[in-house]
Amino acid sequence: QVQLVESGGGLVQPGGSLRLSCAASGRSDSNYAMGWFRQVPGKEREFVATIIWGGSSTFYADAVRGRFTISRDNAKNTGYLQMNSLKPEDTAVYYCAARRVSRISNRISDYDYWGQGTQVTVSS
């Protein structure tokens with residue numbers, strides 16, 4: 001079982017930056033991929049970015065490619081989402097997720113563990 005805790009959300013002006021962190025704890029019997037998703041009230045949760053265990057392969061949603069960067073530090077059991085050039089439409093609750101296999105996926109159903117989420121609000 002893996003527990004995930006997100007942090008780093010908050011209020012930021014358009015064009016600003018935030019870095020989200022995802023701390024993983026508990027036992028994992030496999031090298032897991034990590035992903036970030038986001039959700040706005042009344043809408044479905046949507047994929048943002050994912051990274052495999054070794055960090056050599058990443059994949060992004062079109063809406064964030066070129067502005068967001070996903071990374072991880074396995075020695076610290078922590079994943080990160082660096083968000084630059086933020087827009088009001090990036091406002092959402094951001095969720096960290098882990099997948100028991102280290103392969104890229106943008107599907108919610110492929111992820112086994114989820115954090116509680118952290119609010120990101122982009123507004124002037």
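Since this is a predicted model, take the numbers as computed values, not measurements.
Considering OG of S21 and CG of L4, their distance stands at 12.5 Å, rounded to 0.5 Å. To the nearest 0.5 Å, atoms CH2 (W53) and CG (N74) are separated by 4.0 Å. Considering CG of N84 and CZ of F68, their distance stands at 8.5 Å, rounded to 0.5 Å. Note that CG of L81 and CE of M34 are 10.5 Å apart. Values are rounded to the nearest 0.5 Å. Interatomic distance, Q82 CD to L18 CG, rounded to the nearest 0.5 Å: 8.5 Å. Here the OH atom belonging to Y113 is positioned 4.5 Å from the CZ atom belonging to R100, to the nearest 0.5 angstrom.
Remark: Q3 CD is packed, more than 12 non-hydrogen atoms of other residues, nucleotides or ligands lying under 6.0 Å away. Within 6.0 Å of CD on E44 lie no more than 12 heavy atoms contributed by other residues, nucleotides or ligands.
Formation of a donor-acceptor pair under 3.5 Å by the E6 side chain with backbone atoms of Q116 is found in this model. No donor-acceptor distance shorter than 3.5 angstrom exists from the side chain of S56 to the backbone of G54, with no hydrogens or angles considered. Under a 3.5 Å cut-off, the side chain of Q13 and the backbone N or O of S124 do not form any donor-acceptor pair.
With sequence neighbours left out, T91 forms a side chain to side chain contact (heavy atoms under 4.5 Å, CB included) with Q119, T121, V122. With sequence neighbours excluded, no residue satisfies salt bridge (Lys or Arg N to Asp or Glu O under 4.0 Å) with D73. Considering only residues two or more places apart in sequence or on other chains, S105 meets the side chain to side chain donor-acceptor pair (under 3.5 Å) condition with D110.
Evaluation of the disulfide (SG to SG under 2.5 Å) test over residues 53-124, restricted to residues two or more places apart or in two chains, returns C22-C96. Residue pairs meeting the salt bridge (charged side-chain N to carboxylate O under 4.0 Å, His left out) criterion with at least one partner in residues 45-69, sequence neighbours excluded, are R38-E46, D62-R65, R67-D90.
Of all non-hydrogen atoms in S85 and S17, the two that sit nearest each other are N-OG, 4.4 Å. The shortest heavy-atom contact between A24 and V2 is CB-CG1, 4.2 Å. Annotation for I51 and S71: closest pair CD1-CA, 3.7 Å, computed over non-hydrogen atoms. The two atoms that bring L20 and G9 nearest to each other are CD2-N, 3.6 Å, heavy atoms only.
Hydrophobic cluster membership for V93: F37, F47, I52, F59, Y95, I104, I108, Y111, W114 (Ile, Leu, Val, Met, Phe, Trp, Tyr linked by side-chain heavy atoms under 4.5 Å, directly or transitively).
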* Quick one: do L11 and S123 satisfy side chain to side chain contact (heavy atoms under 4.5 Å, CB included)? Show the steps, please. => CA-CA 7 Å; L11 174 64; S123 175; 4.2 Å; yes
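A heavy-atom distance below 4.5 Å is found between the side chains of Y80 and R19.
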